[in-house]
Amino acid sequence: MSSAGPSTSTEPMQEDLPAENMTSRDYYADSYAHFGIHEEMLKDSVRTGSYRNAIINNPHLFKDKLVLDVGCGTGILSMFAARAGAKHVVGVDMSNIIDQANKIIEANGFKDTITLVKGKLEDITLPIQEFDIIISEWMGYFLLYESMLDTVLLARDRYLKPGGLIFPDVATLYLAAIEDMDYKEEKINFWDNVYGFDYSCIKDIALREPLVDTVELKAVVTDPCMIKHINLLTAKKEDLAFTAPFSLTATRNDYVHAFLAWFDILFDCTHTKVKFSTGPHAKYTHWKQTVFYTPETLTLSEGQKITGRLSCAPNARNNRDLDISITYQAGDEPEKEIQYKMY
Ligand code: SAH
């Protein structure tokens, strides 16, 4: 999924407005209704191409199977599944984009194979009660921001047959440290002096807001460390709030201005193990990477370690926002803890 703005944690649309009558207020309440966000996701060829490869290249897994597409959007994954030979596909989406999906399904001759249901998966009754396969593109920035993984886990517990498959079935989150002086200067230290005025109160807020952006591989100054491994077949909702220790070893002498996070996705149930990474070493995706600036600059020598722990939990008031804290220590410096908020 993409960053859909304010509506993603909220209720389904109250009104069934045709797209041509929707105003900016309606799109604010249902940002997935606009084609633009789907355009960004569909054009992310790493994302959409990986799902296509995982599904279309495995017709032996899909032939004559019942498939549930959680958050079907424009219906692209449902159509891949139908192409791969599924007996029937049910696509669910709470956004008005599903009205377009219905037209797309019909225009492409899938009316008899794909049934779309409008509504929040948690609240609706599906025409089929047991599925062989669940497909879903649920990942948000930093994997879990605005993520609908809890919805996919609920769909699994409610609708997946024993031994059923989930596409994708493994997600892994990584952390490293980066040298990022120029951009930190522009984004964080900028607030120290704005046309000669002291704006440093904003600097404190800016620092606590993780930045989603692309980072060049050469900025990475430590080995990566895995901080979370999610097996979708077995994960529980409670696992999505976690604390993970990390140890990052410097690969050269350099300064550290920030931590960097990214995730990898694996379709482990496929023959060829289709996978993709959103890391700085991999091809661009719309998820980019996530940067967590530290208040001070650390100095590392090759082989030296930064140790610490990262905690991540859904915000109590809005469960699609994330409260993230990073505690870290290097050399003789005292341990530090920074609280970040993704919203
Ligand atoms: N599967 C599509 C769209 C992915 S974006 C594609 O790959 O291109 C995720 C979609 O999930 C959005 O359209 C959003 O409206 C929908 N969604 C999010 N939470 C949902 C929920 N709880 N119930 C139903 N749909 C949901």
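Order of appearance sets the numbers: ligands from 1, and atoms from 1 within every ligand.
- By the 3.5 Å distance cut-off applied to N or O atoms, Asp93 is counted among the residues near ligand 1.
- For Leu42, no nitrogen or oxygen atom sits less than 3.5 Å from a nitrogen or oxygen atom of ligand 1, counting backbone and side chain alike.
- Under the 6.0 Å cut-off for aromatic ring centres, Tyr51 and Phe267 qualify, their centroids lying closer than that.
- Residue Glu122 has at least one nitrogen or oxygen atom sitting less than 3.5 Å from a nitrogen or oxygen atom of ligand 1, judged on distance alone.
- Between Lys341 and Asp323 there is a salt bridge, since a side-chain N of the basic residue sits under 4.0 Å from a carboxylate O of the acidic one.
- Ligand 1 is approached by Arg320 to a heavy-atom distance shorter than 4.0 Å.
- At a heavy-atom cutoff of 4.0 Å, ligand 1 is contacted by the side chain of Leu77 but not by its backbone.
- Classification of the Trp262-Tyr174 ring pair by plane angle, with boundaries at 30° and 60°, yields parallel.
- By the criterion of a heavy-atom distance under 4.0 Å, neither the backbone nor the side chain of Ser136 is placed next to ligand 1.
- Checking only distances, His38 never comes within under 3.5 Å of ligand 1, N or O to N or O.
- Relative to atom 7 (O) of ligand 1, the option among Glu39, Arg47, Glu146, Met41 with the closest non-hydrogen atom is Arg47.
- Scanning both residues, Gly119 and Ile124, for their nearest heavy atoms gives CA-CG2, 3.8 Å.
- Near Gly119, the atoms of ligand 1 lying under 4.0 angstrom from a non-hydrogen atom of the residue are 23 (N), 24 (C).
- Close contacts between ligand 1 and Cys72 involve ligand atoms 1 (N), 2 (C) [criterion: under 4.0 Å to a heavy atom].
- Separation of the Phe142 and Tyr340 ring centroids does not fall under the 6.0 Å cut-off.
- Heavy-atom contacts from other residues, nucleotides or ligands closer than 6.0 Å to NZ of Lys275 number 12 or fewer.
- Which parts of ligand 1 touch Lys120 is read off a 4.0 Å heavy-atom cut-off, strictly below it: atoms 22 (N), 23 (N).
- Remark: Glu106 CD is loosely packed, at most 12 non-hydrogen atoms of other residues, nucleotides or ligands lying under 6.0 Å away.
- By the 4.0 Å heavy-atom criterion, Thr74 is excluded from the residues contacting ligand 1.
- Looking at Ile202 and Phe190, their side chains never come closer than 4.5 Å, going by heavy atoms from C-beta outward.
- Put simply, NZ on Lys184 and OH on Tyr293 are 8.5 Å apart, with the number rounded to the nearest 0.5 Å.
- For atom 4 (C) of ligand 1, the nearest non-hydrogen atom from the set Gly71, Ala101, Gly73 belongs to Gly71.
- The heavy atom nearest to atom 20 (C) of ligand 1, considering only Glu40, Met94, Met1, is found in Met94.
- Residue Ser95 approaches ligand 1 through these ligand atoms, each under 4.0 Å from one of its heavy atoms: 15 (O).
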